[in-house]
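As structure tokens, the structure follows; a few thoughts come after it.
Side chains are part of it too, since the values below use all heavy atoms of this structure and drop only hydrogens, waters and symmetry mates. Throughout, residue positions are numbered sequentially from 1 according to the sequence presented.
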Amino acid sequence: MNTHSKFTVQRLAILGATGSIGDSTLALVRQHPDRYRIHALSGYGRVDKLFELACEFRPVRVCTSLDNQQILQDKLHSANLDIEVLAGDDGLIALASDPAVDTVVAAIVGAAGLSSTLAAAKAGKRILLANKESLVMAGELVMNTARQHGAVILPIDSEHNAIFQCLPQSVQADNTAIHDGRHGIRQLWLTASGGGFLYKSIEQMQNASVADAITHPNWSMGQKISIDSATMMNKGLELIEACHLFNLPESRISVVIHPNSVVHSLVEYVDGSFLAQLGSPDMKTPIAHALAYPERIDAGVSRLDLYQLADLKFLAPDLDKFACLKLARMAAQRGTGACITLNAANEVAVAAFLAGQIRLTDIAKIVEACLMDDALIADFDQQFADEAQGLARILAMDDKVRQVAKAKLETLMQTVADA
């Protein structure tokens, strides 16, 4: 029997192919070569890895940083590979909107992934979304654009994918249906592992090294996401993302710490039911769900052993120790301008911590200082959802916040030096 005839082969563009989400996605492509073809790949800093992936998957196009473009072109030429090499944000946008691409895996970390995610939405693509910052910074704009142009957004963060799986099919198809009373959805529950500092004191967080902070008990992630997990900013960003994905205010999205990382999130219904998605902590599960949706494919992950689940824990987050989560809720209440500020200030602060310039607990201080800055607050009420001008305003606000955050970083470092 010819199994190839059973499927319509999806042509993928993986943006952020050299990161952990890219690794998991490509592992699934290797496992299901009859279903998926790689049309385009991007990777910025790790040019050697991108070259190796290009040799393996033979995409039509690749995209890297402007600094690495010529290096990659020379490598591909030496390997006798005729692959187009694009660069920079324009290159990412070209990959995301390529007419030959069916599905875009948006896995670039941080604000750098926004423009290409929005371009994929404008092009009506099927978007597997891991770049939470796109919705944190521009949730209303991205979701409106996707709706207008017929794009489909499927979340592949494990928590959002879990919620998606536990929602009625009509709500999966149209998030405005979540307000249809007949579905009886009361509350969404995002689970959080608590990171590496769950059982440690604030003092231990203050004294944490970079090596301490990037070590996660359950998940293998990149440095930036690992730091966000340690401060629980990651969960704050996911809360804001969930507001846009599922069309609910932050007051109807709760966060519960679940150190086991077995229950990936839950939906609470008005009849007292909780529906939860369980699985081993492996990103291939949510990615496989989104790749094959509405079908299911083998993800090649370890099966969950129910007989070993004798001690599942659920805890309330400590908002004094994990101040970033509290700040994210404040930003969600205040709107897009505050969310842009939260994200940009956090990226500046995390980079400073990774560079050894500040303490882990200083990240929240810099973010809070930016959220309280009068010059930034004055810009919070701009119209960021306008399709013609929204992206330019968002990027301008993002740049302004970064300048303010760097100034506050310098002040903090000087204060510490003078003490």
Taking the side chain as every heavy atom from C-beta outward, state whether Pro168 and Tyr269 have any pair of such atoms under 4.5 Å apart. yes
Measure the CD1-CG distance between Ile297 and Leu28 for me, rounded to the nearest 0.5 Å. 5.5 Å
For Gly16 versus Ser42, what's the shortest heavy-atom pair and its separation? N-OG, 2.9 Å
For the backbone of Ala111 and the side chain of Asp398, can you confirm whether one donor and one acceptor N or O come within less than 3.5 Å of each other? no
Rounded distance [0.5 Å steps], CE in Met137 versus NZ in Lys132: 14.0 Å
Return yes if some donor-acceptor pair links the side-chain N/O of Asn161 with the main-chain N/O of Pro155 below 3.5 Å, else return no. yes
If you define the side chain from C-beta out and look only at heavy atoms, does anything of Phe246 sit under 4.5 Å from Leu167? yes
Given Glu203 and Asn207, is the side chain to side chain donor-acceptor pair (under 3.5 Å) satisfied, shown in steps? CA-CA 6 Å; Glu203 289 72 27; Asn207 297 320; over 6 Å; no
Please step through salt bridge (charged side-chain N to carboxylate O under 4.0 Å, His left out) for the pair Lys75 and Asp48, ending with a clear verdict. CA-CA 9 Å; Lys75 282 176 166 288; Asp48 289 340; 3.2 Å; yes
Do His160 and Glu238 make a side-chain contact, defined as non-hydrogen atoms from C-beta onward lying under 4.5 Å apart? yes
On a heavy-atom basis, which atom in Val255 and which in Pro317 lie closest, and how many Å separate them? O-CD, 3.6 Å
Pairwise distance OG(Ser261) to CG(Leu278) - rounded to 0.5 angstrom: 11.5 Å
Do any N or O atoms from the side chain of Lys400 and from the backbone of Asp379 form a donor-acceptor pair under 3.5 angstrom? no
Any side-chain heavy-atom pair of Asp311 and Lys313 under 4.5 Å: yes
Distance from Ser65 atom OG to Leu50 atom CG, nearest 0.5 Å? 9.5 Å
Checking Ser265 side chain against Thr191 main chain: does a donor-acceptor pair fall under 3.5 Å? yes
Hey, what do you get for CG (Leu190) to NE2 (His258), rounding to the nearest 0.5 Å? 13.0 Å
Starting from the C-alpha separation in whole Å, work towards a yes-or-no answer on side chain to side chain contact (heavy atoms under 4.5 Å, CB included) for Gln389 and Phe384. CA-CA 7 Å; Gln389 299 295 326; Phe384 294 106; over 6 Å; no
What are the two closest non-hydrogen atoms of Ser97 and Ala119, and how far apart are they? CB-O, 4.3 Å
Which heavy-atom pair separates Lys284 from Ala27 by the least distance, and what is that distance? CD-CB, 4.0 Å
Determine whether a donor-acceptor pair (N or O, by modelled atom type, separation under 3.5 Å) exists between the side chain of Ser116 and the backbone of Gly113. yes
Closest non-hydrogen atoms of Thr176 and Asn247, given as atom of the first, atom of the second and distance, are CA-ND2, 3.4 Å
One thing to verify: whether Arg61 and Asp98 come together as a salt bridge, which I'm taking to mean a side-chain N less than 4.0 angstrom from a carboxylate O. yes
Is it true that a side-chain atom of His264 and a backbone atom of Ser158 form a donor plus acceptor pair closer than 3.5 Å? no
Salt bridge check: are Asp381 and Arg334 linked by an N-O gap of less than 4.0 Å? yes
Tell me, with the steps shown, if Asp89 and Ser115 meet side chain to side chain donor-acceptor pair (under 3.5 Å). CA-CA 7 Å; Asp89 209 39; Ser115 297; 3.1 Å; yes
Report the distance from atom SG of Cys55 to atom CG of Leu53, rounding to the nearest 0.5 Å. 9.0 Å
Is Val152 close to Ile127 at the side-chain level, that is, under 4.5 Å between some pair of heavy atoms? no
Determine whether the aromatic ring centres of residues His289 and Tyr293 are separated by less than 6.0 angstrom. yes
Of all heavy-atom pairs between Gln10 and Thr103, which one has the smallest distance, and what is that distance? OE1-OG1, 2.6 Å
Determine whether Glu241 and Leu129 satisfy the following criterion, side chain to side chain contact (heavy atoms under 4.5 Å, CB included), listing intermediate values before the conclusion. CA-CA 10 Å; Glu241 182 184 8; Leu129 186 68; 3.9 Å; yes
Going by an N to O cut-off under 4.0 Å, is there a salt bridge joining Lys224 and Glu133? yes
Donor-acceptor under 3.5 Å (Lys125 side chain, Ile153 main chain): no
Within-4.5 Å side-chain heavy-atom neighbours: Val401 and Val348: no
Using a strict threshold of under 4.0 Å (side-chain N to carboxylate O), is an ion pair present between Lys49 and Asp23? yes
Do other residues, nucleotides or ligands put more than 12 heavy atoms under 6.0 Å from the CD atom of Gln204? yes
Side chain to side chain contact (heavy atoms under 4.5 Å, CB included) assessment of Arg393 paired with Asp386: CA-CA 9 Å; Arg393 289 172 182 158; Asp386 176 68; 4.2 Å; yes
Would you say that more than 12 heavy atoms from the other residues, nucleotides or ligands in this model lie under 6.0 Å from the CD of Gln403, or not? yes
Is it the case that the side chain of Asp362 and the backbone of Lys365 share a donor-acceptor pair, with hydrogens and angles ignored and the cut-off at 3.5 Å? no
Can a side-chain donor-acceptor contact be found between Asp282 and Ser280 if the only test is distance below 3.5 angstrom? no
Evaluate the side chain to side chain donor-acceptor pair (under 3.5 Å) criterion for residues Thr64 and Gln69: first the C-alpha distance (whole Å), next the side-chain angles of each, then the deciding distance (0.1 Å), finally the verdict. CA-CA 6 Å; Thr64 188; Gln69 185 177 20; over 6 Å; no
Apply the test side chain to side chain donor-acceptor pair (under 3.5 Å) to residues Asn343 and Glu347: give CA-CA distance (whole Å), side-chain angles for both, the deciding distance (0.1 Å), then the verdict. CA-CA 6 Å; Asn343 181 70; Glu347 289 192 13; 3.3 Å; yes
Worked check of side chain to side chain contact (heavy atoms under 4.5 Å, CB included) between Leu95 and Val104: CA-CA 9 Å; Leu95 263 56; Val104 174; over 6 Å; no
Tell me, with the steps shown, if Lys408 and Asp373 meet salt bridge (charged side-chain N to carboxylate O under 4.0 Å, His left out). CA-CA 10 Å; Lys408 294 187 184 299; Asp373 186 271; 3.2 Å; yes
For Asn175 and Leu245, indicate whether the former's side chain and the latter's backbone hold a donor-acceptor pair under 3.5 Å. yes
Would you check if Met372 and Met330 make a side-chain contact, meaning some heavy-atom pair closer than 4.5 Å? yes
Taking the side chain as everything from C-beta on, heavy atoms only, tell me whether Phe51 gets closer than 4.5 Å to Leu72. yes
Quick check against the 3.5 Å criterion: does Asn260 have a side-chain atom that pairs as donor or acceptor with the backbone of Val262? no
